[in-house]
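Notes for the one structure printed next.
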Amino acid sequence: MNTLEIPKVFPGRIPYDFINDVNGWSFTEEELRENYGKLLTLDIDFGEICGLNCPQCFRRKNKVDNLSKKEMNYNETISLILSAKKLGLRSVKFLGKGEPFENPKFIEFLRFLKSVDVIPLVFTKGRVLANDDLAKKYNGHYGIKNGVELIDELKRLDVSILFGFNSFNPIIQDKMVGMAGYTKERDIALLRLVNAGFNQKNPTRLGIINTPINTENCNEAFFIYKWARERNMYPISTTSMVSGCGAKTWRTKNPEIEKVIDLYAKIYQWNLGKGIQTLEQIKKEGISAYAGACPCNQVACGMYVALNGTVLRCPGDDFTIFGNTFQQSLEEIWNNSENFQRAGTFNCGCPPKMGTSMPHDFFERIVKKIEG
């Protein structure tokens with residue numbers, strides 16, 4: 001099992017001032033109170049090209065793409081952000097539709113976000129960061145000649161990286177992205193991000209996205225969680241989304257639910273031992289949809305805008321539609337949304353997964369396991 005020769009940042013207990021988050025993702029209870037009713041975050045598509053073929057991708061075969069063939073262009077995406085800034089926007093997450101780093105306009109857009117003081121968080125599998133030819137192909141017009149220079153620019157632009165990492169086993173990992181030989185590039189990219197210091201901040205600017213947990217990688221999910229935490233990389237571990245390809249695969253690919261509950265409980269118990277959380281805190285905040293991480297509150301202060309302007313509850317949902325930016329203002333859509341009605345809620349659970357890839361009593365059963 002290759003653990004990548006990355007030194008531990010936290011060999012013992014976690015420091016008392018440790019922030020259980022990745023920079024720009026979630027919001028504290030105080031922040032939600034102080035910004036009650038504001039649109040603090042957006043998930044957005046940026047292009048649609050992706051060189052991988054992940055079999056459980058939440059964006060591939062997504063029903064939303066059938067609603068309209070019209071797509072937001074670059075200037076319309078800029079306008080979307082400026083409209084959101086008026087409503088309180090502080091961060092933007094790039095999840096799809098394509099791999100953002102395979103878009104020649106992406107660095108320009110990240111520079112724009114920095115100019116308007118919006119934190120970008122980029123979900124990526126890291127191929128372009130590892131492959132110097134690809135880095136130059138998509139970014140040579142910025143004077144960027146390789147992946148290291150691309151990462152240096154991302155660091156300058158205060159980008160947080162949400163890095164896909166599903167298995168230490170190359171056979172399993174390659175299968176989960178649909179590309180033979182991918183794992184070698186993944187490891188190169190991750191080492192480059194660490195060498196650039198993305199995991200040296202508090203909160204960290206480097207997340208490890210181990211999703212979905214399925215029958216193939218569930219047995220190593222706890223090990224990946226610990227390995228990431230000890231190196232100050234924020235681990236996101238959860239069951240399959242029920243949108244896109246996941247809508248058809250979660251029933252057959254999800255592990256037995258008791259096994260998932262055991263995994264979550266084990267992660268929280270490890271957090272207690274390391275000083276990341278206290279039992280009182282866990283009971284007060286509730287269990288997070290992302291095992292051991294900060295509870296998800298994006299569906300109380302954010303929305304997801306797809307490439308065709310369709311606005312949805314969140315990326316894990318391709319059926320709860322709030323409107324379309326080509327037909328209504330973002331402010332009108334937000335003020336009339338289900339998410340706006342949740343304003344101030346710190347732990348929203350996971351509305352799309354409740355009753356699907358997570359049973360309705362999922363969180364309660366985890367708490368009972370933790371308490372023994």
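The analysis underlying the following values was restricted to heavy atoms, covering all of them including side chains, and did not include hydrogens, waters or symmetry mates.
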Using the rule given for ring pair (Phe, Tyr, Trp, His ring centres under 6.0 Å), can you reason through F109 versus F106, listing the C-alpha separation, both sets of side-chain angles and the distance that settles it, and then say yes or no? CA-CA 5 Å; F109 192 70; F106 193 48; 7.2 Å; no
Under the ring pair (Phe, Tyr, Trp, His ring centres under 6.0 Å) criterion, do F101 and Y138 qualify, and how do the steps go? CA-CA 7 Å; F101 292 121; Y138 296 116; 9.8 Å; no
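Within the 4.5 Å cutoff, the side chain of M179 has no heavy atoms near those of the K125 side chain. In this structure the side chain of N210 never reaches within 4.5 angstrom of the side chain of P235, judged on heavy atoms. Under the 4.5 Å side-chain criterion, counting only non-hydrogen atoms from C-beta, L40 is not in contact with E31. Annotation: side chain of Y234 is not in contact with side chain of R205 (no heavy-atom distance under 4.5 Å). Residues S167 and K175 fail the side-chain proximity criterion, which asks for heavy atoms closer than 4.5 Å. Counting only heavy atoms from C-beta outward, the side chains of L157 and L113 never approach each other to under 4.5 Å. Looking only at side-chain heavy atoms (C-beta outward), I44 and M72 stay at 4.5 Å or farther from each other. The shortest distance between side-chain heavy atoms of P359 and R365 falls below 4.5 Å.
N339 and R342 share a donor-acceptor pair across their side chains, judged by distance under 3.5 Å alone. Under the 3.5 Å distance criterion, with hydrogens and angles disregarded, a donor-acceptor pair is assigned to the side chains of Y225 and R229. N103 and Y74 share no donor-acceptor pair across their side chains, judged by distance under 3.5 Å alone. No side-chain N or O of K201 forms a donor-acceptor pair with one of N232 less than 3.5 Å apart. If you check the side chains of T41 and S91, you find a donor sitting under 3.5 Å from an acceptor. In summary, the side chains of T204 and N199 do not present any donor paired with an acceptor at a separation below 3.5 Å, with no hydrogens or angles considered.
A donor-acceptor pair is defined here as one N or O able to donate and one able to accept, closer than 3.5 Å; such a pair exists between the side chain of R192 and the backbone of L129. Proximity of a side-chain donor or acceptor of N23 to a complementary backbone N or O of P203 within less than 3.5 Å is not detected.
Looking at every heavy atom in both residues, G292 comes nearest to N20 through O-ND2, 3.2 Å. Residues T124 and G126 share a closest heavy-atom pair of OG1-N, 2.9 Å. Nearest heavy-atom pair across C296 and S288 is N-OG, 4.2 Å. Pairing each heavy atom of F10 with each of K274, the nearest pair is O-NZ, 4.4 Å. The nearest pair of heavy atoms linking R231 to I6 is NE-O, 2.7 Å. For T239 against K353, the heavy-atom pair with the smallest separation is O-NZ, 2.8 Å.
L272 belongs to a hydrophobic cluster whose other members, connected by ILVMFWY side-chain contacts under 4.5 Å either directly or through intermediates, are I257, V260, I261, Y264, Y268, L279, I282, I287, M354, M358, F362, F363, I366, V367, I370.
For F198 and F163, the ring centers are positioned 6.0 Å apart or more.
Residue K184 qualifies as open at atom NZ: its count of foreign heavy atoms under 6.0 Å is 12 or below. For D117, the CG atom counts as loosely surrounded, since its 6.0 Å shell holds 12 or fewer non-hydrogen atoms of other residues, nucleotides or ligands. The environment of I171 atom CD1 is sparse: at most 12 non-hydrogen atoms of other residues, nucleotides or ligands sit within 6.0 angstrom. Other residues, nucleotides and ligands contribute over 12 non-hydrogen atoms within 6.0 Å of the CD atom of E258. Residue E371 qualifies as enclosed at atom CD: its count of foreign heavy atoms under 6.0 Å is above 12.
Of the listed residues (D45, D317, T310), just one forms a side chain to side chain donor-acceptor pair (under 3.5 Å) with Y304, and that residue is D45.
Residues satisfying the ring pair (Phe, Tyr, Trp, His ring centres under 6.0 Å) test with F27, not counting sequence neighbours, are none. Residues forming a side-chain contact (heavy atoms from CB on, under 4.5 Å) with R156 (at least two apart in sequence, or on another chain): R111, E153. Considering only residues two or more places apart in sequence or on other chains, N146 meets the side-chain contact (heavy atoms from CB on, under 4.5 Å) condition with D132, V148, E149. In this view, K136 satisfies the side-chain contact (heavy atoms from CB on, under 4.5 Å) rule with no residue, not counting sequence neighbours. In this structure K266 satisfies the side-chain contact (heavy atoms from CB on, under 4.5 Å) test together with F222, sequence neighbours excluded.
Put simply, I19 and L121 are part of two different groups of oily side chains (I, L, V, M, F, W, Y) that touch within less than 4.5 Å, one to the next. In terms of hydrophobic clustering, with Ile, Leu, Val, Met, Phe, Trp and Tyr side chains grouped at heavy-atom distances under 4.5 Å, V299 and L32 are assigned to different clusters.
In this pair, F168 and F165 present their aromatic rings perpendicular. The plane angle is above 60°, beyond the 30 to 60° band. W334 and F340 have perpendicular rings, their planes meeting at more than 60° on a 0 to 90° scale where under 30° would count as parallel.
Figure legend: R127 and Y182 shown without cation-pi pairing, the cationic atom not lying both under 6.0 angstrom from the six-membered ring centre and within 45 degrees of its axis.
K70 and E76 are not joined by a salt bridge, as no carboxylate oxygen comes within less than 4.0 angstrom of a charged side-chain nitrogen. A salt bridge links K253 with E216: the distance from a Lys NZ or Arg NE/NH1/NH2 to an Asp or Glu carboxylate oxygen falls below 4.0 Å. Under a 4.0 Å N-O distance rule, the pair E108/K105 qualifies as a salt bridge.
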